[in-house]
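Quick note on labels: first sequence line is chain A, next is B, and so on, each numbered from 1. All values derive from a computational prediction rather than experimental measurement.
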2 protein chains.
Amino acid sequence: MNISTRQIDAFLALAAQRNFTRAAMQCHLSQPAFSALIRALEEDLGIRLFDRSTRHVELTAAGANFMESAQRIRTEMDAAVASMRDEATLRRGRVAIALLPSLAAGWLPERLAEFHQHHPGVELEIADVLSEPCIAMVASGKADFALAAIRADTPDLQAEPFCSDEYHLVCRDDHPLAKAPRGRRRPVSVAELAQWPFIHMARHSSVRQFLEAALHPQPMKSVMEVEQLATVMGMVRAGLGISAIPSLTLFHFQQPGLVTRPLLWPELTRQIYLVRRRDRSLSSAAQALYTQLMTHRPTEAPGSAVRRELP
Amino acid sequence: MNISTRQIDAFLALAAQRNFTRAAMQCHLSQPAFSALIRALEEDLGIRLFDRSTRHVELTAAGANFMESAQRIRTEMDAAVASMRDEATLRRGRVAIALLPSLAAGWLPERLAEFHQHHPGVELEIADVLSEPCIAMVASGKADFALAAIRADTPDLQAEPFCSDEYHLVCRDDHPLAKAPRGRRRPVSVAELAQWPFIHMARHSSVRQFLEAALHPQPMKSVMEVEQLATVMGMVRAGLGISAIPSLTLFHFQQPGLVTRPLLWPELTRQIYLVRRRDRSLSSAAQALYTQLMTHRPTEAPGSAVRRELP
DNA sequence: CGATCTTACGGGATTCGTAAACATA
DNA sequence: TATGTTTACGAATCCCGTAAGATCG
């Protein structure tokens, strides 16, 4: 026994038209083919649904009974198909991504704004967490994909390079290092950096850990440790010291009176990866966001010092 | 676009089994055929429902979404098909018939008892009304068929002979007519009937009208007119007079001390017809009741006088 | 390398539309 | 007789199962 939507449609058309010829036209079928469709349905159900003569077509009691079911089935079908089509055409859907707070605050918002403008029906869920929880969310299926600083290429996860994040010196514009000696070309050296009072992030932060690993064993003149990058910015602007921060967080420091300079040391370039599950295809919405983010990756850091003027 | 129950079943099987081979077996299909079914469904819906590798099969987000709809559709389908099958196999259904009160009280109950025993799920609606309303109920569709004394063979209605209803003399067992003179063979004549006091039904009753038409122009010795046959019985038993009533109402008079004798005049035989609509087929339940009633029609009236003894 | 999904392909069933037959008002 | 349904039938399509191919663990 196999009932198709075409049979349901044929039934409803005939119930409405009470005429095989018109109902057949409505279904874009020849009348005999349509007739066969109705007959097959009646045989499947084991009961006559229409009383018909050449002059009259009418529902039987069983047919009237079946009509209610047929209408509910048709409605449910339509809703399901429309829902799938909406999902396929991005009129609705849901994407969950996990990414580093620095990306989430500085670079992501404009990308999301554009995405949302194109696909207003798609719900967005953003987890701005550190790299490890990012990976965990992808692994557990809570996020469709992640942007994190861990090359998580496991049997389950697939990582591809997304962008690179280079450390920059930040200092006041009246600081000696802001001057870019000998024609701006020469990068700042480790020794130069180490001779000035330094504002550190807390030891547990990834910014601090990556920096320490890169500068080891050179000791720094640490003047204080803070938790938030915004605090680092305040301290540097107040002239308490200098600092070094990843390019993705530069937006915190684009303030009047501050200067940023790329450090351009290979050890101080960390890679950001896009991580996704191997076994799970991206949903239409996730695929669209993926494409959007990949084509608007953060630009490579500019090679020259930037000085913010007071307005 | 055409979605079939087999595709829904295939989807649900695969969602449950998460394995093409097992799901295919569950659907009694070869694995490639099953695979094609899923592919066709995905193409119809325009979206991937399963993420699959050779080792793993899993619902996509869209697939999980579709599952709810699929389950509702399957449930609704099952209910509809079961309902139709029940109707076809008389596990449920409804019959409405209209018939003369005499048939409804005397003959019908045992027939219905047997029918109900065989088909307890079928609802029965009985209208015990006179012939004209019987016909009207069939014509208007309120009754599936009727048993009435009108040969209603119109373009819309079809009548077939059902049984004949012959008038019987009723009197006390000590009445001269109860004796069945000259060897019980000779029927009672009109003249004999007319010489005794007669208990009449009211003029508007069909029993009275048919009797008057048959006896015309012979005048009767009317002693009174009553509305109910039970009253006629009481009067006759009290010795107030005799009466003549149709065989179908004899059950009223099967009382101790009363005698009934068939009158056997052709003019006093009225035909009962089974009347149904031409354009409408009988429902399964109506067809079954029709057969049941036709095969257990009221027996022809016995040819001899019946005397009820006191117990 | 074994288990499992997909592709390829020939045969059989299904379904289509045209045309003729049939039925009813 | 005119309208409308069913039957008949050849052709196109769809669908199935077997066998071979591809892929993942």
Side chains of B/D279 and A/D51, heavy atoms from C-beta outward: is any pair under 4.5 Å? no
Ionic contact status for A/R280 with B/E58, cut-off 4.0 Å: yes
Rounded off to whole Å, could you give me the CG-to-C1' distance for the A/D44 and C/dT14 pair? 13 Å
Heavy-atom side-chain proximity of A/L157 to A/R276 below 4.5 angstrom: no
Expressed as a whole number of angstroms, how long is the span from A/R22:CZ to D/dG4:P? 8 Å
For the CD atom on A/E267, are there more than 12 heavy atoms of other groups (residues, nucleotides or ligands in this structure) within a distance under 6.0 Å? yes
Rounded to whole Å, CG of B/N2 lies from P of C/dT15 at a distance of 10 Å
Tell me, do B/R91 and B/H119 make a side-chain contact under 4.5 Å, heavy atoms counted? no
Taking atom types as modelled, find out whether A/Q271 and A/D165 have a side-chain donor-acceptor pair closer than 3.5 angstrom. no
Sugar-phosphate atoms are those with a prime plus P, OP1 and OP2; base atoms are the rest. Using that split, label each nucleotide of nucleotides 6-20 of chain D B, S or - for protein heavy atoms under 4.0 Å, 5' to 3'. BB--------SBBB-
Gap between atoms CE and C1', on A/M25 and D/dG4 respectively (whole Å): 13 Å
Specify the separation, in whole Å, of atom CZ of B/R18 and atom P of C/dC5. 13 Å
Check each residue of residues 151-159 of chain A for a non-hydrogen atom within less than 4.0 Å of any atom in DNA chain C, then write out the ones that pass by number, or none. none
Keeping to residues at least two apart or across chains, list the ring-ring contact (aromatic ring centres under 6.0 Å, His included) pairs with something in residues 78-104 of chain A. none
Any heavy-atom pair between the side chains of B/V275 and B/Q158 that's under 4.5 Å? no
Quickly work out the B/R55 CZ to C/dC1 P distance and round it to whole Å. 15 Å
Side-chain heavy-atom pair B/Y273, B/E160 within 4.5 angstrom cut-off: no
Whole-Å gap separating P (C/dT7) and CD1 (B/I38): 14 Å
Atom pair distance, as rounded to whole Å: CG in B/D51 and P in D/dT23: 17 Å
